[in-house]
Engineer: 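Sharing a structure here in structure tokens format.
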Amino acid sequence: MRYFLDKRKTAIGDEIGSKITHTYIEIEFPVDDDSSYVIYVIPRNQNSAFVATCWDHTFDKLVSNLDEDTFEMIAETWPTLAALLYNGVKQLYRQGALIVLEDLDDGENKWFVASIAGNISFSSFKDLFNERMQEVTQLVLARTIQLSRELNENQPNMLNAISNGFMKGVGTAVLAGVASFLGIDPKRCLILKPFPDKSSNYLIGHIRSDLAQTDNKSKTEGF
């Protein structure tokens, strides 16, 4: 599955592109003549789906080395990342969450910014992309832009040193352009609530234990 910002494959001109497989729908939102935002609709059951953007292995090393000092650094430097991590651990998908899902192309576990669209139908493209699906798609794109800009602007060299790669050269100007094109204000669109006031050790313990189980909980069904 493709990184959230990639070269165009199905989008033509200003038209949104799509690809349907047995296990997911891939959607491209044009950014410029060469690039598109890539978002996935991944069925969970007959009436709900993950809506997600793929971040590959960006946070593998960061989370594997997680301790109290590291988590406090994350919360201070990248509050959106900390909140999305917390939401993923607690399975609070409504505001967006950073979770581990299986890449259905290569079978590897990767990071996704995701939410869940419920009460949907896969009977047709028109039925699937109803108002609820559009709201969730906009939320996930807003969260992706918000996280991307935060990582770019707040100590990107630090993240490079403790993560497996970062952003593949995505600039804040490009991200702002995407937000404008999609009519999204990532600073105002359903702003993330701060995670509850709990100790770093509490959060670290839950992140470690829950992420270890996420793979088994996140298997998806085909169409």
Engineer: Compare every heavy atom of Q46 with every heavy atom of F122, then report the nearest pair and how far apart it is.
Structural biologist: CD1-O, 3.4 Å
Engineer: Would you indicate whether the side-chain heavy atoms of F4 and T144 approach each other to under 4.5 Å?
Structural biologist: yes
Engineer: Is the shortest side-chain heavy-atom distance between N45 and S48 below 4.5 Å?
Structural biologist: yes
Engineer: Sequence neighbours left out, what passes salt bridge (charged side-chain N to carboxylate O under 4.0 Å, His left out) with D103? Give chain and number order.
Structural biologist: K110
Engineer: Any chance you could measure Y3, atom OH, to D56, atom CG, to the nearest 0.5 Å?
Structural biologist: 7.5 Å
Engineer: Is any side-chain heavy atom of W111 closer than 4.5 Å to one of L101?
Structural biologist: no
Engineer: Let me confirm one number: the CD1-OG1 distance from I16 to T137, rounded to the nearest 0.5 Å.
Structural biologist: 9.0 Å
Engineer: Looking at OH of Y24 and SG of C54, how far apart are the two atoms once the value is rounded to the nearest 0.5 Å?
Structural biologist: 10.0 Å
Engineer: Let me see the working for F50 and V136 under side chain to side chain contact (heavy atoms under 4.5 Å, CB included), right down to the final yes or no.
Structural biologist: CA-CA 9 Å; F50 284 113; V136 175; over 6 Å; no
Engineer: Where do G96 and L139 come nearest, in terms of heavy atoms and distance?
Structural biologist: N-CD2, 4.1 Å
Engineer: Do L84 and L147 make a side-chain contact, defined as non-hydrogen atoms from C-beta onward lying under 4.5 Å apart?
Structural biologist: yes
Engineer: Taking the side chain as C-beta and beyond, is there a heavy-atom pair between N130 and M133 under 4.5 Å?
Structural biologist: yes
Engineer: For D34, enumerate each residue passing the side-chain hydrogen bond (donor to acceptor under 3.5 Å, both in side chains) test, keeping only those at least two apart in sequence or located in another chain.
Structural biologist: none
Engineer: If we only count heavy atoms from C-beta on, is the V31 to L5 side-chain gap below 4.5 Å?
Structural biologist: yes
Engineer: Which residues satisfy the side-chain contact (heavy atoms from CB on, under 4.5 Å) test with R8, sequence neighbours excluded?
Structural biologist: A11, E28, P30, S36
Engineer: Check salt bridge (charged side-chain N to carboxylate O under 4.0 Å, His left out) between D6 and all other residues, then give those that pass, not counting sequence neighbours.
Structural biologist: R2
Engineer: Should we say atom CG of D106 is surrounded by more than 12 heavy atoms from elsewhere, each under 6.0 Å from it?
Structural biologist: yes
Engineer: Salt bridge (Lys or Arg N to Asp or Glu O under 4.0 Å): which pairs involve residues 113-131, sequence neighbours left out?
Structural biologist: none
Engineer: Yes or no on side chain to side chain contact (heavy atoms under 4.5 Å, CB included) for V41 and F129, after CA distance, side-chain angles and deciding distance?
Structural biologist: CA-CA 10 Å; V41 177; F129 287 93; 4.2 Å; yes
Engineer: Determine whether a donor-acceptor pair (N or O, by modelled atom type, separation under 3.5 Å) exists between the side chain of T58 and the backbone of W55.
Structural biologist: yes
Engineer: Output, in order, the C-alpha distance, side-chain angles, deciding distance and verdict of side chain to side chain contact (heavy atoms under 4.5 Å, CB included) for L85 and F59.
Structural biologist: CA-CA 10 Å; L85 270 172; F59 306 106; over 6 Å; no
Engineer: Measure the spacing between OG1 of T10 and CD of E15 and express it to the nearest 0.5 Å.
Structural biologist: 11.5 Å
Engineer: To check you understand the geometry: which heavy-atom pair defines the closest contact between M1 and L104, and what is its length?
Structural biologist: SD-N, 3.3 Å
Engineer: Do D60 and N109 have side chains that approach each other closer than 4.5 Å (heavy atoms only, starting at C-beta)?
Structural biologist: no
Engineer: Is there a side chain to side chain contact (heavy atoms under 4.5 Å, CB included) between K19 and T21? Walk through the geometry before answering.
Structural biologist: CA-CA 7 Å; K19 181 180 77 172; T21 75; 4.0 Å; yes
Engineer: Atom CD1 of I25 and atom CD1 of I39: how far apart are they, to the nearest 0.5 Å?
Structural biologist: 11.5 Å
Engineer: Can you find a pair of side-chain heavy atoms, one from V38 and one from T53, that are under 4.5 Å apart?
Structural biologist: no
Engineer: Which donor-acceptor pairs under 3.5 Å do the side chains of residues 112-121 make with protein atoms, sequence neighbours left out?
Structural biologist:
{"from": "S115", "atom 1": "OG", "to": "Y93", "atom 2": "O", "distance (Å)": "2.7"}
{"from": "S121", "atom 1": "OG", "to": "S123", "atom 2": "N", "distance (Å)": "3.2"}
{"from": "S121", "atom 1": "OG", "to": "S123", "atom 2": "OG", "distance (Å)": "2.9"}

